[in-house]
Student: 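Here it is, the structure, as C-alpha cells.
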There are 2 protein chains.
Amino acid sequence: MTVSITDVARAAGVSASTVSRALRGRPGVSEEVRAQITAVAAQLGYIASQSASSLASGRTFTIGVVVPYVGRWFFGTVLDAAEQVFSAAGYDVLLYNLGSPEARKRFFTKLPVRKRVDAVLSLLIPEAEEAAALRSLGVPLATTVGGPLPGFTVVGIDDRAGAESAVRHLVNLGHRRIGMISGTSGPLHWTTPIDRRQAYLDVLADAGIEHDPALEADGDYTVQGGERAMIELLAASRPPTAVFAQSDEMAMGALRALRRHRLKVPEDVSVVGFDDHELADVMGLTTIAQPVAGEGAEAARLLLRQLDEPDAEPSRHVQMPLRFVLRETTAPPNPRGPQ
Amino acid sequence: MTVSITDVARAAGVSASTVSRALRGRPGVSEEVRAQITAVAAQLGYIASQSASSLASGRTFTIGVVVPYVGRWFFGTVLDAAEQVFSAAGYDVLLYNLGSPEARKRFFTKLPVRKRVDAVLSLLIPEAEEAAALRSLGVPLATTVGGPLPGFTVVGIDDRAGAESAVRHLVNLGHRRIGMISGTSGPLHWTTPIDRRQAYLDVLADAGIEHDPALEADGDYTVQGGERAMIELLAASRPPTAVFAQSDEMAMGALRALRRHRLKVPEDVSVVGFDDHELADVMGLTTIAQPVAGEGAEAARLLLRQLDEPDAEPSRHVQMPLRFVLRETTAPPNPRGPQ
DNA sequence: CTGTTAGCGCATTCAA
DNA sequence: TTGAATGCGCTAACAG
C-alpha cells in the first residue's frame, strides 16, 4: 500500500537507482529525466523510507539533542532555536530529556542514539564517563553549557565578564554591602557558578570592599531557592542593600521574598539578575542578557558545518556577546536605610 | 568496527535469528541460551541498529511530537512530561517544532514522520487538511489542546468551568466592571478562547451585569499582547475594576501595564489569570491551575496503550481537573476608586 | 547518463 | 528449541 522507490521507478519508466539519484539531487541524471521523476514521485506521494535509506547509506539525517529539563525556559529556548536550524537544513531531531537520574543513567548506558544520529547537541554537562560515551559514538558533538570539553564544540558566554558588569553596576550605584545568590556547583565541569562568583569577588576587591561570607547564599538556580536564599540574607546581622543573583529565576525568587518582607525594590534593596529570562522584562528586572536562542542556533550551525566538512578541525570554543540591561530593580542605596 | 547481530551470533555460537529472539524476549529460546546470549551481547556492547530493525519489522519504537513552540512554558512542560513517559517505556521522541509558517508547511507537506514513528502526539491544533495528513499516517494520534477531533485521543480541560470560576470569583468579590483579555481565536478548531469567553458572558449575565464590549481586548496569548490589551482597557471611558485574563502570560503583561500606570494591584484593579504558569506563584497571581504536566503524561500514556492494544477503541476525550488558586492579585473593588 | 548487482542489519517465515 | 533462507527499501559500486 505504501509507495516505494520501485513503484516510482516503474511509473517513470526508469530504474530505482535513477530515482534515488534524481530525488536526492545527485549528479548523473539529465534534467528532463529528473524533472519527470520528481513529478511522478510527487504525484504518487512518495517519501523515502528513512530506515531503509540510513541502513543503506549510514547517514540518518537526524540529530540527537540531550536536555536536562525541556520545561525550563533556558533549555526550551535553546532547543527551540536549534531545532529550527536543524529542520531547515533537512535534519530531524531526536529529543532526550534527562531530568531524572534514572533517565540519565538509562540514556548513557544504552546510548539509544547509537547508529541513529549524525551528531549530538548536549545541553547538559556530561560527567567524564558520559562525555566518553558520547565521544564513542564517533559523531560531531556540541554543547551550549559549561567550559571547554575535549571533542565538543562549545558555544557559550563570558560568565566572568557578565557577572563583573552586574556587580560593578551595583558598586557604581554606591552600594557597599552587596550580597550574592549563587547556584550550587552541580557537575564538576560546570564552571558557570564558579566563574560568576569569582567575578563577584574580584569586583568587590577592586572596589576595596571587604568580602563578607554572610552575604552569600545558595539559591540552587531555582525560583524557590532564590527566595530561600534571600530570606537567609535578610536574616544577617547587617543585611545587604543590593543583591546579585546568578540567574534571573533566583532573582525573581529574591524579589518575592523582598515583597513578602515589605521591602521595596529598588528603594530598600537593589536586585540584579543574569540571563534575561523572557519574563525579566515584565518584572522590570535589571539583568545581564545572554543570547540564549542565539547560542542554540549557533551551536546547531557549527554542528551542521562539521557534518558538511568533516575535514575541518573538530572542536572549538565560541563566545556569544552579553548585554547589560538596565530596568527598574536597581538604584542607589537608600540613605535612610540600614548601612 | 561496529558490532552487529552476526558478531554476537558467532561469539555465542548460535545463529542470528536466535540472538534476535533472545534479546527481544521472544519465546522459543531456552533460558540458558538466552542468558548466554545476553551476556555475550552485553560484553560486546551490542546495540541493535534501529534502522535495520524497523526496516525489517515495521516498528520504529519512536513517537513523533509536534509542537508549535517548544520555548513556551506550556508546551515545554507538556513535552517534558510526555517525553518522560515515552522514554520510560522504551520509546524515543522525534521532535518537530512548527513555530514558523514555513516549518509548519514543510512538515505537513513532506510529512517526515512517515514510516518513522509508531504514533504522533500533537501539541498544536491541526487545520482540517493537516489533521487529514496526520490520519493518513495510519498510526495512533493524540493531542492536549483543542476540542474533540476525529481520529485523535484528546486530553484537555473544561475551559468553560475554569473560566467560570475565575470570573465568578471577581463577581463574588463585588466587582461589576469586569474586563477580559482574550486570545485571538487562531485556528478554527481552537475552542479554548471561545469557551472561556462564553463562560465570561454567562457569569456576567447570571450576575445581572450588562456586558460592555469596551471591556474586552485582545491579548494574543502573549505577555506583550496582555500589556497592550490592559492599556487599551484602561483607556476606556469607564475602565474596569477587575480583569480576567485568559492566560497567565497575558495576566502578567496586564500587571506590568498597571504598574506602569501607577495603579495598585489588587487595591485599584484585581487581576485573575488562567493556567498557573510556573512564575504565577512568584508574581502572586490568582489563577486557575491546570495540570499541564499531567496532561502531557496522560496523553502519552493513552498513546502507549493504543500501541499495546490496537483493538481498543481508537479515540476518546479525557478532561483533567482544574483548581482555583487564590493569591494576591484579587480583592474587593476599591470603594474610593472609579466605579 | 543510466541500469544491474550487491549488500546495509535485522525480523520473520519455514524447515528441521 | 534452533537454523537457513528471504526480504524490508534503499544506496553505492560497477558496468555499459
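Chain identifiers are assigned alphabetically (A, B, ...) following the order of the sequence lines, protein sequences preceding nucleic acid strands; residue numbering begins at 1 within each chain.
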Student: Look at A:R301 together with A:E298 and state whether they make a salt bridge at an N to O cut-off of under 4.0 Å.
Tutor: yes

Student: Collect all protein-nucleotide pairs involving nucleotides 3-6 of chain C in which both atoms are nitrogen or oxygen and the distance is under 3.5 Å.
Tutor:
{"from": "C:dG3", "atom 1": "OP2", "to": "A:S15", "atom 2": "N", "distance (Å)": "3.0"}
{"from": "C:dG3", "atom 1": "OP2", "to": "A:S15", "atom 2": "OG", "distance (Å)": "3.3"}
{"from": "C:dG3", "atom 1": "OP2", "to": "A:T18", "atom 2": "OG1", "distance (Å)": "2.7"}
{"from": "C:dG3", "atom 1": "N7", "to": "A:R21", "atom 2": "NH2", "distance (Å)": "2.9"}
{"from": "C:dG3", "atom 1": "O6", "to": "A:R21", "atom 2": "NH1", "distance (Å)": "3.3"}
{"from": "C:dT4", "atom 1": "O4", "to": "A:S17", "atom 2": "OG", "distance (Å)": "3.0"}

Student: Any pair with a residue in residues 116-136 of chain A that passes ring pair (Phe, Tyr, Trp, His ring centres under 6.0 Å), sequence neighbours left out, goes on the list, sorted by first then second residue, please.
Tutor: none

Student: Rounded off to whole Å, could you give me the CZ-to-P distance for the B:R114 and D:dG9 pair?
Tutor: 14 Å

Student: Report yes if at least one side-chain N or O of A:S20 is closer than 4.0 Å to OP1 or OP2 of D:dC10; otherwise report no.
Tutor: no

Student: Send over the distance from A:K115 NZ to C:dG9 P, rounded to a whole Å.
Tutor: 7 Å

Student: Enumerate the residues from residues 52-63 of chain B whose closest heavy atom to DNA chain D is under 4.0 Å, giving them by residue number; use none for an empty result.
Tutor: B:L55, B:A56

Student: What pairs with B:S15 under side chain to side chain donor-acceptor pair (under 3.5 Å), at least two apart in sequence or on another chain?
Tutor: B:S17, B:T18

Student: Rounded to the Å, how far apart are A:R116 CZ and C:dG9 P?
Tutor: 16 Å

Student: Run the ring pair (Phe, Tyr, Trp, His ring centres under 6.0 Å) test against B:Y69 and tell me which residues pass, sequence neighbours left out.
Tutor: none

Student: Tell me the interatomic distance from A:L23, atom CG, to D:dC10, atom P, rounded to whole angstroms.
Tutor: 10 Å

Student: May I ask you to list the residues of residues 37-51 of chain A, by number, that have any heavy atom positioned under 4.0 Å from an atom of DNA chain C?
Tutor: none

Student: My understanding is that only residues two or more places apart in sequence, or in another chain, count here; which of them pass side chain to side chain donor-acceptor pair (under 3.5 Å) with A:S49?
Tutor: none

Student: Got a salt bridge between A:R104 and A:E130, using NZ or NE/NH1/NH2 to carboxylate O under 4.0 Å?
Tutor: yes

Student: Take atom CD1 of A:I5 and atom P of D:dG9, then tell me their distance rounded to the nearest Å.
Tutor: 11 Å

Student: Listing request: all salt bridge (Lys or Arg N to Asp or Glu O under 4.0 Å) pairs with a residue in residues 10-28 of chain A, at least two apart in sequence or in separate chains.
Tutor: A:D7-A:R10

Student: Side-chain N or O of A:R24 less than 4.0 angstrom from OP1 or OP2 on D:dA12?
Tutor: yes

Student: In whole angstrom, what separates B:R26's CZ from C:dC10's C1'?
Tutor: 13 Å

Student: When the axes are fitted on five pairs at both termini, how much does the helix from C:dC1-D:dG16 to C:dA16-D:dT1 curve, in 10° steps?
Tutor: 30°

Student: Is it true that A:S122 and A:T143 share a donor-acceptor pair across their side chains at a distance under 3.5 Å?
Tutor: no

Student: Assess whether a salt bridge exists between A:E102 and A:K105, defined as any Lys/Arg side-chain N lying under 4.0 Å from an Asp/Glu carboxylate O.
Tutor: no

Student: Please determine, by modelled atom types, if B:R116 and B:T62 share a side-chain donor-acceptor pair under 3.5 angstrom.
Tutor: no

Student: Can you tell me which residue pairs pass the ring pair (Phe, Tyr, Trp, His ring centres under 6.0 Å) test with a partner in residues 32-57 of chain B, sequence neighbours excluded?
Tutor: none

Student: For A:N97, check side chain to side chain donor-acceptor pair (under 3.5 Å) against everything at least two apart and list the hits.
Tutor: B:D80

Student: For A:D118, check side chain to side chain donor-acceptor pair (under 3.5 Å) against everything at least two apart and list the hits.
Tutor: A:T60

